[in-house]
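Below is one structure, written out as structure tokens; comments come after it.
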Amino acid sequence: MNNSSNRIRTSIFALQAIMVLICLVVLGRIFYLQIVQYEVYDELGDKNSIRQEYVDAARGLIYDRNGTLLVDNQPIYSVTITPLNFDTENIPLLADLLGESDSLVTELVNDAKRYSRFRTSKLITDVDFKVFSLIQENLWQLPGIGHQIDSKRNYPATLTASHIFGYLREADENDYKQTQSIRLGDKIGKSGLELYYQDNLKGDLGINYLKVNALGQSLGKYTEQKIAKPPVQGDNLITTLDADLQAFAEKLMKGKSGGIVAMNPHTGEILALVSSPEYEVKKLAGRIDKEYWQFINSDSTRPLFNRAISSRQPPGSTFKPLMGIIGLHLGIVTPETEIYNSGYYIRGRPYKDLADPGLYDMESAIAHSSNTYFLSVMDKIATSGKLNTWSKLAKDFGLGVPNDIDLPSANRGILPDSTYLDNRFGKNKWGLGDVLNFGIGQGLVSASPLQIAQMTSSIVNGGYKIDPHLLRAVVRADGSIEQNNSTKEKIDWVKDEYLNTVKKGMRRNVLEGSGRFYASIPDIEVSGKTGTAQNPFGFSHGWYTSFAPAESPEIVVTVFLENAGFASISAVPVASLILEKYLKGKVERQWLVDYVLNFVPKEDNSEASASNE
């Protein structure tokens, strides 16, 4: 009995000792964690009760050359989601508060899950204040749902410039998988300068920390900011645009289809660039207006298409000055060479020439746009086996080659050589009849208004290649400025005497040619060349490329109008007014403004009428 009692007392004592030892270990561990390692585990504990959120950087602003603000940012409200904490049974409630369909909200939630179940992302942006308030009031019912102040693009200036600025769209799965710097719901450039300079404009994300409860709902900012990172604003862009000139050019193009390019012929700086019809970029600034987006994508006038840089049309007689330069260089003609125009150029078939019958030298052939003269030049080029040489020389003036303007989707146009013709018609299955029209800017030759402006600039600046561009400078967040120092390269085979002959012809085109009534500007000497290109689907297209002042050019203006008929009464008045506005700072010929604004094409399209202006 005593032995049994002793064993029981011994067991109880041992158990008590073990309990005391365990308590001492636990107390010692608590002391170590709470006292000795307080600083380490206090911060870890904070991190377990806070949520990391990215802070959007303010997108860079866009200015014109004179400091006029063109694009800035406007605050908007966005709703966010952390999928891990969101119960999908709350989708009907969330959809009701947002005023959206259950199916759309379900799709958005699933997108967020695919992006990350743990990371907070934007669910829907640009909600109005009423919706934003409803979401705030009901957050207690919606674990995982949050909100933030966001921004969208704002356009305070009077101009539109939709094809220059471009628009932003929310990043989708394809976008954020390409780079870690893009998150679901981020707004990224999809066209125009917004796309081309996306990396400059977007800035760098910041990091913020919020206190959260067990449901993942925000309890306010975490006060210890030592681990936070402020966002860095995107770079501001100083463009080459003249805002007043751009707005005026847009006004002149209302109700018309076509493109305008105004540029400095010595630097390549774009002063104005218009593609008409335009689209309302403001409607694409925040959450996309779906009805409007569908409309502009299905509109037969193609308002999203940038006709100033992407169209590919026969340049008509605006190509003749370059034909003259090439003819002089190849020794096919001299400035004094005279070619007789009988009213037709006969080569297998008659080619109509609307210039008055008579003898034409280089100057007068450009001035009065004699088809016979330039068909003859092209005839001799082709029959002497110099087609490839002709193509190579013309490409030095920016035609038929890629254009490096800082906008996406610039078209290279077509400037055929023998390889191109072999690919199109079959090897050696083409002949003189397929190439003769090249000499008057017809047939397979095609270019954009930007390329014709570039060609004209090289003619008037002394024979230099230039790079058309819209960026003048980048202003960094730290205030430093990086200038866009564009370069120009001399076209080594071009001689001053070639250029002088052609420029005299272009000056005489304004003094004596078909467009002289509208082209002439009081107190300003203007030079130019009209072109009316054949269009099998309606009225001919009107072209006009010009520069002024004639002796010391400051600006080149090229205008292309679709289905507008004779260039002398369609494109010429538009270019003339833009030249006047830029060089005088005002427009004195209000009667001509009224004429352009109310212009209605009246030409009956015919093959004979085209390419002879």
With side chain to side chain donor-acceptor pair (under 3.5 Å) as the criterion, how do Asp467 and Ser486 come out once you've worked through the C-alpha distance, each side chain's angles and the decisive distance to 0.1 Å? CA-CA 7 Å; Asp467 293 323; Ser486 61; over 6 Å; no
Side chain of Glu250, backbone of Ala161: donor and acceptor closer than 3.5 Å? yes
Please name the pair of heavy atoms, one in Pro468 and one in Leu450, separated by the smallest distance, quoted to 0.1 Å. CB-CD1, 3.8 Å
Student check: side-chain heavy atoms of Lys395 and Asp417 closer than 4.5 Å: yes
What distance separates Lys256 NZ from Thr301 OG1, expressed to the nearest 0.5 Å? 14.5 Å
If you measure only the distance, is there a donor-acceptor pair under 3.5 Å linking the side chains of Ser364 and Asp361? yes
Backbone of Arg472 reached by a side-chain donor or acceptor of Asn484 within 3.5 Å: no
Crowding at NZ, Lys392 (>12 non-hydrogen neighbours, <6.0 Å): no
Test item: Ser376 side-chain N/O and Thr372 main-chain N/O as donor-acceptor pair under 3.5 Å: no
Shortest non-hydrogen pair, Ser570 vs Phe599, comes out as CB-CZ, 3.6 Å
Nearest-0.5 Å distance, OG of residue Ser162 to OH of residue Tyr167: 11.0 Å
For a quick check under 3.5 Å, do Thr545 and Thr318 share a side-chain donor-acceptor pair by atom type? no
Is there a side-chain contact between Asp235 and Tyr197 in this structure, where contact means two heavy atoms from C-beta onward sitting under 4.5 Å apart? no
Shortest non-hydrogen pair, Leu583 vs Ala548, comes out as CD1-CB, 3.6 Å
Is any side-chain heavy atom of Ser311 closer than 4.5 Å to one of Ser448? yes
So how far is it from Leu241 CG to Ile164 CD1, rounded to the nearest 0.5 Å? 4.5 Å
Rounded to the nearest 0.5 Å, the CG atom of Leu470 sits from the CD1 atom of Ile405 at a distance of 5.0 Å
Give, for atom CD of Gln454 and atom OG1 of Thr558, the distance between the pair rounded to the nearest 0.5 Å. 10.5 Å
Heavy-atom neighbours of Lys495 NZ exceed 12 at 6.0 Å: no
Evaluate the side-chain proximity of Tyr595 to Arg589: yes if any heavy-atom separation is below 4.5 Å, no if none is. no
Do any N or O atoms from the side chain of Ser576 and from the backbone of Tyr518 form a donor-acceptor pair under 3.5 angstrom? yes
Take Lys529 and Ser369, measure what side chain to side chain contact (heavy atoms under 4.5 Å, CB included) needs, and give me the verdict at the end. CA-CA 8 Å; Lys529 184 69 193 78; Ser369 204; 3.0 Å; yes
Under the side chain to side chain contact (heavy atoms under 4.5 Å, CB included) criterion, do Ile524 and Leu579 qualify, and how do the steps go? CA-CA 9 Å; Ile524 297 176; Leu579 290 171; over 6 Å; no
Short side-chain to backbone donor-acceptor contact, Ser527 and Phe547, under 3.5 Å: no
Without swapping roles, check the side chain of Gln451 against the backbone of Arg412 for a donor-acceptor pair under 3.5 Å. yes
Restricting to non-hydrogen atoms, name the atom on Gly443 and the atom on Pro314 that form the minimum distance, rounded to 0.1 Å. O-CG, 4.4 Å
How are the rings of Tyr345 and Tyr351 set to each other: parallel, tilted or perpendicular (split at 30° and 60°)? tilted
Considering only heavy atoms from C-beta outward, does the side chain of Ile325 approach that of Trp493 to under 4.5 Å? yes
Test item: Thr337 side-chain N/O and Thr334 main-chain N/O as donor-acceptor pair under 3.5 Å: yes
What closest approach, in Å, do Gly324 and Val502 show between heavy atoms, and which atom pair accounts for it? C-CG2, 4.5 Å
Is there a side-chain contact between Leu393 and Leu330 (heavy atoms, below 4.5 Å)? yes
Sequence neighbours excluded, every pair satisfying ring-ring contact (aromatic ring centres under 6.0 Å, His included) that has a member inside residues 435-468: Trp390-Phe438
Check: Ser298 side chain, Phe295 main-chain N or O, donor-acceptor pair, under 3.5 Å: yes
Residues which pass salt bridge (Lys or Arg N to Asp or Glu O under 4.0 Å) with Arg347, listed by chain and number, not counting sequence neighbours: Asp379
Would you call the rings of Tyr279 and His163 parallel, tilted or perpendicular if under 30° counts as parallel and over 60° as perpendicular? perpendicular
Stepwise side chain to side chain contact (heavy atoms under 4.5 Å, CB included) check, His368 with Asp356: CA-CA 8 Å; His368 298 280; Asp356 291 339; over 6 Å; no
Ring-face cation contact, Phe305 with Arg307, 6.0 Å cut, 45° max: no
Are there more than 12 heavy atoms of other residues, nucleotides or ligands under 6.0 Å from atom NZ of Lys254? no
Looking only at side-chain N and O atoms, does Lys320 offer a donor or acceptor that is under 3.5 Å from a partner on Ser370? no
If the test is side-chain contact (heavy atoms from CB on, under 4.5 Å), which one of Ile326, Ile440, Ile332, Leu387 qualifies with Met378? Leu387
When you look at NZ of Lys504, are more than 12 heavy atoms from neighbouring residues, nucleotides or ligands closer to it than 6.0 Å? no
Kindly indicate whether the side chain of Arg65, heavy atoms from C-beta on, has any atom under 4.5 Å from the side chain of Asp242. yes
Taking the side chain as C-beta and beyond, is there a heavy-atom pair between Phe566 and Thr530 under 4.5 Å? no
Hey, what do you get for CG (Leu271) to OG1 (Thr240), rounding to the nearest 0.5 Å? 6.5 Å
Please answer whether the main-chain N or O of Gly189 pairs with a side-chain N or O of Gln198 as donor and acceptor at a distance below 3.5 Å. yes
Looking only at non-hydrogen atoms, find the nearest pair between Tyr544 and Ser546 and report the distance. CE2-CB, 3.5 Å
If we ignore hydrogens and angles and just use 3.5 Å, is the side chain of Asn509 paired with the main-chain N or O of Ala367 as donor and acceptor? yes
Side chain to side chain contact (heavy atoms under 4.5 Å, CB included) between Tyr373 and Val333: does it pass, once the steps are laid out? CA-CA 10 Å; Tyr373 190 95; Val333 289; 3.7 Å; yes
